[in-house]
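Okay, structure first, notes after.
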Amino acid sequence: MAFEVIMPKAGIDMTEGQIVKWLKQEGDTVTEGEIILEIMTDKTSMEIEAEASGVLLKILRHAGDMVPVTEVIAYIGQPGESLETLSDEEVPAPKPVAEKEPLASVSDDEYHVAVIGGGPAGYFAAIRAAQLGAKVAIIEKRWYGGTCLNVGCIPTKTYLKNAEIIEAIEMGAARGINFASTKYSIDMNQVVKFKDGVVKRLTMGVEALLKSNGVDVFRGVAKINKNKDVVVDGNRIIKADKIILAGGSKVSRINIPGIDNPRILSSDELLSLKEVPETLTVIGGGVIGVEMALAMHAIGSKVTIVEMMDRIVPAIDSEASKVLADTLKKKGIKILNSVSIVGIEEAKNKLQVKLANGEVIESDKALLSIGRVPDLEGVGEIEFETERGKIKVDSFMETSVKGIYAPGDVNGIKMLAHVAFRMGEVAAENAVKGNHREVKLASAPSVVYTIPEVAMVGLTEEQAREKYDVRVGRFDFAANGRAMASGDNLGFVKVIADAKYGEILGVHIVGPTAAEMINQAAALMELEITVDEVVKVIYGHPTYSEALYEAFADVLGESIHIPKKKS
């Protein structure tokens, strides 16, 4: 049966494309997914993959031809076939749709899928597998919802909201809002109580979602034995056809003298303090470090950040890092870059943090925030292929041991909750239906929830310039009407694009609602929309998002609200 190859519609406005060259000739064998030709549109070039396996029976349109979208340009068939031997009904033939095969039944005490870990990757995987008709068990040793929900993303945001409220009170006078007094005090018991209440409602919600989807929920430490069974608390055996190991991550430690002092806390412990430390040293200026530094500064701590790299949050755009650092310093947070810690001692009821440059920082408490490492407790007796303590997986999320998948932080690819969601979803679909769906992370955004917020997706400007000829567009919130009216106009939007085709390579935002706007940028990148197409969209006015539009327009030199640049 012949399968038609058509000129694809590769853009919203695309009406035709030009064939650049065929990489296969008539009579050649092709495999589904193999690149068979190159085309060019008015905005970009593309490689076209075969959507079926077989033999390239006939090429209808050749190199140099301009072809309308959806027109048939070739046929793929089976060995021995020719277009002449096929009936009219068989040419062209649509790609057959595979019928959904029912899952094999399992006994009452067995499962199609067992999931170890109830964090973002784990509970997403469990629910998705259940949606696909699988009988699913999930085992969690501590909290459903994982680190993010219980001691990470969610609780830190409750603290950072406090910082926003305090800043809003302090800026009220400048806007003509006069309070009888702007003095305030912090009730840490109530702060912690509110945070715990939010966490409890969400964790209960996760368990309710699991149960509503028919997932059997267990508590205990789960490990995989040599028979590829899941053993809970050393005695209960759960048998399953497939296993999804989503053990998450734990706080990373560093080997320096004094690091085990009880005054040195993880973010888990800091978020439960009932008394605000007068002084706090933050060891590590990454995302967790700067977020907690800002949160603790807002409620009364005098904070010093110590970072080994030459700038805080080094993974983000260098300009964004500088704006963030300058802002934190203006708020009163001290930042020490390019310096390491050689030892920690306790003297006179204070921590003495000794730096390699001879300086000593004195504080009541210290926060250890140098990152997280995979939690491999669930590995048990199985030997996986690993790399620097991370379980290696393929694009299907399957490990070196067939039938066992490892989505989320345990594979260390991109340790973000929303990435874990997608990895868990993909792992579940592949575990239930066979490996067919791959994880693609090029459009996964990252966010730093500081004031101002910082967000990015794609490549930094430095990374892009190493691979591409780029054009950069930028727009400052200082020229955005909504930001000016709100008194929240610090920061900018930067867009990095390929100079030749207008492909969006990266977007970086520092400023109000950056965490929300970056999702819009991520969607544009995932849909492979070019800069030329973005500027055809009408944005609402006045909105913060107009800054994103203006930055895209600036890539083309078409921003209306940027003064004309001197040639």
Side-chain angles (χ1 to χ4, degrees), residues 157 160-179 182 290-291 294-295 297-298 313 316-333 445 447-457 461 472-497 504 506-524 531 534-566:
K157 303 311 165 283
L160 288 165
K161 183 62 180 181
N162 294 341
E164 289 181 28
I165 294 169
I166 291 168
E167 288 207 2
I169 292 172
E170 293 174 343
M171 68 184 294
R175 302 179 65 87
I177 303 171
N178 299 313
F179 297 93
T182 57
V290 296
E291 287 186 358
L294 181 61
H297 167 77
V313 201
I316 64 174
D317 181 83
S318 58
E319 284 189 85
S321 177
K322 184 179 185 307
V323 170
L324 179 58
D326 290 345
T327 306
L328 294 181
K329 289 174 183 176
K330 286 179 182 177
K331 295 178 187 294
I333 295 173
V447 180
V448 188
Y449 294 89
T450 44
I451 305 172
E453 292 179 345
V454 182
M456 67 169 284
V457 61
E461 184 176 345
V472 178
R474 176 180 166 132
F475 191 81
D476 291 345
F477 280 105
N480 176 269
R482 175 76 185 278
M484 290 284 287
S486 301
D488 192 6
N489 63 344
L490 177 67
F492 62 87
V493 179
K494 178 194 284 189
V495 173
I496 301 106
I504 304 166
V507 177
H508 304 267
I509 307 174
V510 184
T513 71
E516 307 301 327
M517 277 195 287
I518 203 64
N519 294 320
Q520 184 181 153
L524 295 172
V531 173
V534 175
V535 297
K536 294 178 182 178
V537 178
I538 298 175
Y539 278 61
H541 174 78
T543 61
Y544 295 117
S545 296
E546 287 178 284
L548 182 64
Y549 169 85
E550 296 279 7
F552 276 109
D554 189 43
V555 171
L556 305 174
E558 298 176 2
S559 175
I560 299 298
H561 295 99
I562 294 178
K564 185 176 181 180
K565 298 170 185 176
K566 296 180 180 179

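You'll find the side chain of Arg482 stays beyond 4.5 Å of the side chain of Glu546, heavy atoms only. Taking the side chain as every heavy atom from C-beta outward, Ser486 and Tyr544 approach each other to under 4.5 Å. The side-chain heavy atoms of Asp554 and Val495, taken from C-beta on, include no pair separated by under 4.5 Å. Using a 4.5 Å heavy-atom cutoff, the side chains of Asn480 and Asn489 are not in contact. Looking at Glu319 and Phe492, their side chains come closer than 4.5 Å, going by heavy atoms from C-beta outward. Between Ile451 and Leu160 the shortest side-chain heavy-atom distance does not fall below 4.5 Å. Val534 places none of its side-chain heavy atoms less than 4.5 Å from the side chain of Leu548.
A side chain to side chain donor-acceptor pair (under 3.5 Å) with Asp317 holds for exactly one of His508, Lys494, Lys322; it is Lys494. A side-chain contact (heavy atoms from CB on, under 4.5 Å) with Val454 holds for exactly one of Val313, Ile518, Leu324; it is Leu324.
Across all non-hydrogen atoms, the minimal contact from Pro445 to Asn519 is CG-OD1, 3.9 Å. Residues Gly473 and Val555 share a closest heavy-atom pair of N-CG2, 3.4 Å. Taking each heavy atom of Ala514 and Ala455 in turn, the nearest pair found is O-CB, 3.5 Å. Listed here is the closest heavy atom pair of Val531 and Phe552: CG1-O, 3.4 Å. Pairing each heavy atom of Ala551 with each of Phe475, the nearest pair is N-CB, 3.9 Å. Between Thr327 and Pro452 the shortest heavy-atom distance is CG2-CD, 3.6 Å.
With values rounded to the nearest 0.5 angstrom, Leu328 atom CG is found 11.0 Å from Lys330 atom NZ. Separation of atoms CE (Met517) and CD (Glu453) is listed at 9.0 Å; rounding is to 0.5 Å. One distance of note links CD1 of Ile509 with CD1 of Ile316; it measures 12.5 Å at 0.5 Å rounding.
In the displayed structure, Met484 atom CE is contacted under 6.0 Å by at most 12 heavy atoms of other residues, nucleotides or ligands. Other residues, nucleotides and ligands contribute at most 12 non-hydrogen atoms within 6.0 Å of the NZ atom of Lys161.
Relative orientation of the Tyr549 and Tyr539 rings is tilted, given thresholds of 30° and 60° on the angle between their planes.
Between the side chain of Glu550 and the backbone N or O of Ser559, no donor-acceptor pair lies under 3.5 Å.
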